[in-house]
Amino acid sequence: MFAGKLDSARCLVVKIGSALIADVDTGEVRSPWLENFIEDVVRCFARGQQVIIVTSGAVALGSRNYNRRDKGLRTEEKQTAAAIGQVRLMRAYEQALKRHGLGMGQVLLTNEDIEDQHRRLNVRSTLQQLLKIGAVPVVNENDTTATAETCLGDNDRLAAWIAELVSAEFLILLCNVDGLSTEDPHVNPLARLVTEVRCITPEIDAMAGHPVTHYSTGGMVTKLAAARIVMDAGSTMVIARGNKPHPLAAIENGGPSTWFLPR
Ligand code: GLU
């Protein structure tokens with residue numbers, strides 16, 4: 001019912017989960033997926049929209065160096081994996097965008113950059129300048145410098161802060177489920193997809209589960225935290241499945257998704 005609104009937005013922030021961009025078994029970028037997703041981004045640019053990508057995947061792409069992903073990595077190992085994986089991640093985005101004549105700029109942030117007014121304004125100005133010259137900002141947390149005290153911890157909230165900072169009308173979280181369900185759909189196949197949320201009630205909170213992987217920190221809990229930020233800022237957040245062809249077009253065409261509407 002709301003799907004058509006995406007194409008009229010001035011600015012979209014799109015967050016990519018680790019499982020979409022990274023093949024954790026091989027430590028390689030899922031290039032066919034990325035190339036297909038970038039076609040969606042190019043289509044948005046072609047109709048005059050601004051797109052900011054917030055991407056996870058650095059830790060997942062760098063963690064094969066430790067060869068024990070099943071047990072999870074210690075903090076310093078995650079930071080090292082991110083240092084290695086971030087290069088692979090950015091190279092993949094750069095190449096995919098370049099094929100369509102688009103440039104990109106890497107923006108790495110920590111909590112301190114968001115909390116400090118001066119630094120926050122610098123971030124906004126850089127994002128605006130990148131968009132002005134037709135380069136796609138590609139944002140991630142600076143995992144290598146973030147400590148327990150300064151880390152944002154998850155890119156869902158980072159993406160929400162970015163959306164608020166640039167007054168984007170939409171934040172789209174692409175992940176490996178269709179959206180928020182009444183129960184975990186992996187556990188109960190009868191779980192229903194919630195298509196529209198106008199207020200995050202205790203009942204909605206109760207539907208969120210827990211983070212499930214060692215290489216990413218997201219899950220429905222952080223997605224609801226992101227939704228609160230976006231809804232309070234008067235914008236809309238959409239959660240949808242990313243592992244399908246042209247996931248942004250699928251949302252526009254009314255595909256399964258959960259819409260968190262502004263207050
Ligand atoms: N910044 C982490 C990475 O790039 C991911 C954080 C998250 O999963 O939200 O691997």
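Order of listing sets the numbers, starting from 1, for every ligand and every atom in it.
Side-chain contact between I251 and W259 is present, with heavy atoms from C-beta onward closer than 4.5 Å.
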| message | Walk me through whether S56 and N155 qualify under side-chain hydrogen bond (donor to acceptor under 3.5 Å, both in side chains). | response | CA-CA 7 Å; S56 300; N155 277 353; 2.8 Å; yes
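In D143, the part holding a heavy atom less than 4.0 Å from any atom of ligand 1 is the side chain.
By the 3.5 Å distance cut-off applied to N or O atoms, D156 is not counted among the residues near ligand 1. Remark: ligand 1 and A60 share no N or O pair separated by less than 3.5 Å (distance only, no angle test). For ligand 1, the polar-atom distance check finds no N/O of E141 at less than 3.5 Å from any of the ligand's N/O atoms. Of the polar atoms of N140, at least one N or O is found under 3.5 Å from an N or O of ligand 1, judged by distance alone.
A donor-acceptor contact under 3.5 angstrom links the side chains of Q86 and Q106, judged on distance only. R10 and Q49 share no donor-acceptor pair across their side chains, judged by distance under 3.5 Å alone. Looking at T55 and N140, their side chains never bring a donor and an acceptor atom within 3.5 Å of each other.
Per-residue contacts place D154 under 4.0 angstrom from the following atoms of ligand 1 (heavy atoms of the residue considered): 9 (O).
Residue E76 qualifies as enclosed at atom CD: its count of foreign heavy atoms under 6.0 Å is above 12.
At least one heavy atom of G57 sits less than 4.0 Å from an atom of ligand 1.
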